[in-house]
Asks: 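Could you have a look at this structure, given as structure tokens, before my questions?
Chain identifiers are assigned alphabetically (A, B, ...) following the order of the sequence lines, protein sequences preceding nucleic acid strands; residue numbering begins at 1 within each chain. In what follows, every heavy atom counts, from backbone to side chain, and hydrogens, waters and symmetry copies are set aside.
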Protein chains: 2
Amino acid sequence: MWVPVPTRDRILDATGQLFRRHGYTGTGLKQVVAAAHAPFGSLYHHFPGGKEQLGGEVIRASGRMYLELFEMVMDASPDPVAGIEAFFEGAAATLEETDYADACPIATVALEVASTSEALREATAEVFDSWIAAGTRRFTAAGLNEACSRQLTIEMFTGLEGAFILSRATRSTEAVLLAGARAVASAREAGAGGSDVR
Amino acid sequence: MWVPVPTRDRILDATGQLFRRHGYTGTGLKQVVAAAHAPFGSLYHHFPGGKEQLGGEVIRASGRMYLELFEMVMDASPDPVAGIEAFFEGAAATLEETDYADACPIATVALEVASTSEALREATAEVFDSWIAAGTRRFTAAGLNEACSRQLTIEMFTGLEGAFILSRATRSTEAVLLAGARAVASAREAGAGGSDVR
DNA sequence: GCTCTTCTAGGTAGATCGCTCTAGCAGGCT
DNA sequence: AGCCTGCTAGAGCGATCTACCTAGAAGAGC
């Protein structure tokens with residue numbers, strides 16, 4: 001049986017998928033409506049601002065979904081260090097399963113629009129800020145001070161994003177796993193881990 | 001007085017500049033010949049393989065140039081740790097000077113082509129491998145063992161690449177500076193630094 | 001039943017895409 | 001000179017891009 005997903009949501013989902021693989025400029029609106037099984041007119045009905053509005057909403061929606069994934073993995077782990085470990089391992093597994101296609105949902109777009117569209121650049125900045133805020137919250141809750149938590153979070157996400165680039169290019173999870181080990185070691189050193197010394 | 005730079009080199013340079021800011025799909029060939037002050041016919045004379053051949057050569061040329069920059073900075077520093085510090089500081093300075101446009105010369109393209117063009121993906125992989133090999137060489141020369149050197153190098157470049165994404169999106173050098181501090185600390189800890197303890 | 005709003009449906013415009021084509025120019029060779 | 005090669009020069013091809021347009025279907029409220 002078929003559940004009727006609203007056209008607007010189908011467009012958002014399809015665009016998100018296409019953005020990961022082909023980026024912003026590489027994704028055509030024809031391609032979007034084809035993937036979403038939606039008529040072309042509906043696109044401009046739901047997103048009168050055109051491609052830029054669609055892009056902005058997709059960036060924020062994808063960012064929110066990835067944030068929820070992060071929170072879920074962290075919630076399911078006994079302590080922040082174990083959570084980070086699981087998060088990186090999950091990322092590596094996803095990379096392999098999707099033939100190195102699904103990594104960060106907004107990284108490609110973020111680099112593309114950073115110097116071409118101020119509105120979209122702001123959307124990506126907001127997403128990254130929300131991730132950093134969420135990570136910082138986790139570490140402060142584990143007893144670290146604000147500055148240290150923020151620093152640790154930024155190091156973690158920069159490591160992850162950079163590792164995604166190298167891993168997708170070289171088709172190897174080595175970089176992601178190393179970045180994960182690095183983040184785990186830094187977090188444990190800072191005192192965010194369980195009391196056991198490995 | 002005008003120095004006659006060969007058309008082929010002008011095209012390569014102009015394409016490299018455009019790739020940094022607009023990415024692969026975002027850069028049109030008309031735009032390239034306009035920026036290079038070259039006629040359209042010359043482009044297909046020098047690059048009969050079209051956009052993909054041009055892209056491949058630009059990726060490799062840009063990667064080689066960035067590698068040379070890395071070697072230069074490292075050569076100018078008393079030890080690898082100081083070199084890393086200078087490299088990250090230089091990257092942060094360049095970001096600010098270019099209004100957060102010039103970061104990694106191939107990162108945007110690497111993410112764009114990772115799942116769309118096998119030939120170009122291989123070119124980006126070769127570039128990253130060359131950087132990793134160069135960094136590994138530096139650390140082994142400083143006395144570290146092979147595995148440790150490679151790990152340190154990958155952590156450094158993943159940190160740099162990821163920090164570039166966050167920094168360009170948020171228009172702040174915070175991520176790059178943090179990633180630099182992280183790389184410096186890791187290298188010093190591993191024993192690649194000068195003998196002084198900061 | 002009737003109207004009004006919301007959404008679907010797709011045709012069409014105008015610009016731009018990557019690419020191919022032919023013509024012409026400059027300089028070294030025999 | 002005559003020829004040949006390497007390169008410049010740009011018009012123009014079919015395809016695709018984003019964006020806009022009008023027409024009709026679906027459903028709520030009166």
Asks: Strictly below 4.0 Å, N to O, side chains only: are R137(A) and E71(A) in salt-bridge contact?
Replies: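 Looking at R137(A) and E71(A), the cut-off is met.
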
Asks: Residues two or more places apart in sequence or in another chain: which of them pass salt bridge (Lys or Arg N to Asp or Glu O under 4.0 Å) with D13(A)?
Replies: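 Counting only residues at least two positions away or on another chain, D13(A) forms no salt bridge (Lys or Arg N to Asp or Glu O under 4.0 Å).
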
Asks: When clusters are formed by joining ILVMFWY residues with side-chain heavy atoms under 4.5 Å apart, either directly or through shared neighbours, do I132(B) and L177(A) land in the same one?
Replies: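 No; L177(A) is not reachable from I132(B) via cluster members.
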
Asks: Does Y44(A) reach the side chain of L29(A), with side-chain heavy atoms less than 4.5 Å apart?
Replies: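 SC-SC contact between Y44(A) and L29(A) confirmed.
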
Asks: Within this structure, what is the CD-to-C1' distance between Q31(B) and dG18(C), rounded to whole angstrom?
Replies: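 Distance, rounded to whole Å: 13 Å.
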
Asks: Going by number, which of residues 45-60 of chain A have a non-hydrogen atom under 4.0 Å from DNA chain D?
Replies: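 Under 4.0 Å from DNA chain D: G50(A), K51(A).
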
Asks: Between V81(B) and A187(B), what is the shortest heavy-atom contact and its length?
Replies: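 Looking at all heavy atoms of both residues, the shortest contact is CG2-CB, 3.9 Å.
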
Asks: Pairs in or reaching into residues 87-96 of chain A: which pass salt bridge (charged side-chain N to carboxylate O under 4.0 Å, His left out), with residues at least two apart or in two chains?
Replies: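 As it turns out, there is no salt bridge (charged side-chain N to carboxylate O under 4.0 Å, His left out) pair with a partner in residues 87-96 of chain A once direct neighbours are skipped.
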
Asks: In the structure I gave you, are the side-chain heavy atoms of F88(A) and V73(A) within less than 4.5 Å of one another anywhere?
Replies: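 When only atoms from C-beta onward are counted, V73(A) and F88(A) do not touch, as no gap falls below 4.5 Å.
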
Asks: Test of understanding: with ring pair (Phe, Tyr, Trp, His ring centres under 6.0 Å), list the residues that count as partners of Y24(B), not counting sequence neighbours.
Replies: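 Here the qualifying residues are F19(B).
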
Asks: For DNA chain D, note the earliest and the latest nucleotide, 5' to 3', having some atom under 4.0 Å of a heavy atom belonging to chain B.
Replies: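 Reading along DNA chain D, I get dC7(D) to dG12(D).
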
Asks: Taking salt bridge (charged side-chain N to carboxylate O under 4.0 Å, His left out) as the cut-off, I'd like each qualifying pair that reaches into residues 151-179 of chain B, sequence neighbours left out, listed once.
Replies: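 For residues 151-179 of chain B, and leaving out neighbouring residues, the salt bridge (charged side-chain N to carboxylate O under 4.0 Å, His left out) pairs sorted by first residue read R150(A)-E174(B), R182(A)-E155(B), D99(B)-R171(B).
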
Asks: Enumerate the protein-to-nucleotides 11-15 of chain C contacts in which both atoms are nitrogen or oxygen and the separation is below 3.5 Å.
Replies:
none

Asks: Once rounded to the nearest 0.5 Å, what's the spacing between atom OG1 of T25(A) and atom NZ of K51(A)?
Replies: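 Atom-to-atom, T25(A):OG1 and K51(A):NZ are 6.0 Å apart.
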
Asks: Kindly write out the residues that satisfy salt bridge (Lys or Arg N to Asp or Glu O under 4.0 Å) with E57(A), not counting sequence neighbours, or none if the list is empty.
Replies: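 For E57(A), the residues satisfying salt bridge (Lys or Arg N to Asp or Glu O under 4.0 Å) (neighbours in sequence not counted) are R8(A).
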
Asks: How far does the helix from dG1(C)-dC30(D) to dT30(C)-dA1(D) bend, going by the axes of its first and last five pairs, to the nearest 10°?
Replies: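 That helix has its two terminal axes inclined by roughly 10°.
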
Asks: Evaluate the salt bridge (charged side-chain N to carboxylate O under 4.0 Å, His left out) criterion for residues D79(B) and R138(B): first the C-alpha distance (whole Å), next the side-chain angles of each, then the deciding distance (0.1 Å), finally the verdict.
Replies: CA-CA 9 Å; D79(B) 61 84; R138(B) 291 279 167 178; over 6 Å; no

Asks: Run the ring pair (Phe, Tyr, Trp, His ring centres under 6.0 Å) test against F70(B) and tell me which residues pass, sequence neighbours left out.
Replies: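 Scan of F70(B) (ring pair (Phe, Tyr, Trp, His ring centres under 6.0 Å), adjacent residues dropped) gives F87(B), F157(B).
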
Asks: Identify, with sequence neighbours excluded, every residue that meets salt bridge (Lys or Arg N to Asp or Glu O under 4.0 Å) alongside E68(A).
Replies: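 Once residues adjacent in sequence are excluded, E68(A) has no partner under the salt bridge (Lys or Arg N to Asp or Glu O under 4.0 Å) criterion.
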
Asks: With rounding to the nearest 0.5 Å, note down the distance linking CG in D102(B) to CD in Q17(B).
Replies: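 Going from the CG atom of D102(B) to the CD atom of Q17(B) covers 6.0 Å.
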
Asks: Tell me, which of residues 13-25 of chain B have any heavy atom that sits under 4.0 Å from an atom in DNA chain C?
Replies: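 When residues 13-25 of chain B is checked for heavy atoms under 4.0 Å from DNA chain C, there are no hits whatsoever.
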
Asks: Closer than 4.0 Å, any side-chain N/O of Y44(B) to the OP1 or OP2 of dT20(C)?
Replies: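 Looking at the OP1 and OP2 atoms of dT20(C), neither is under 4.0 Å from any side-chain N or O of Y44(B).
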
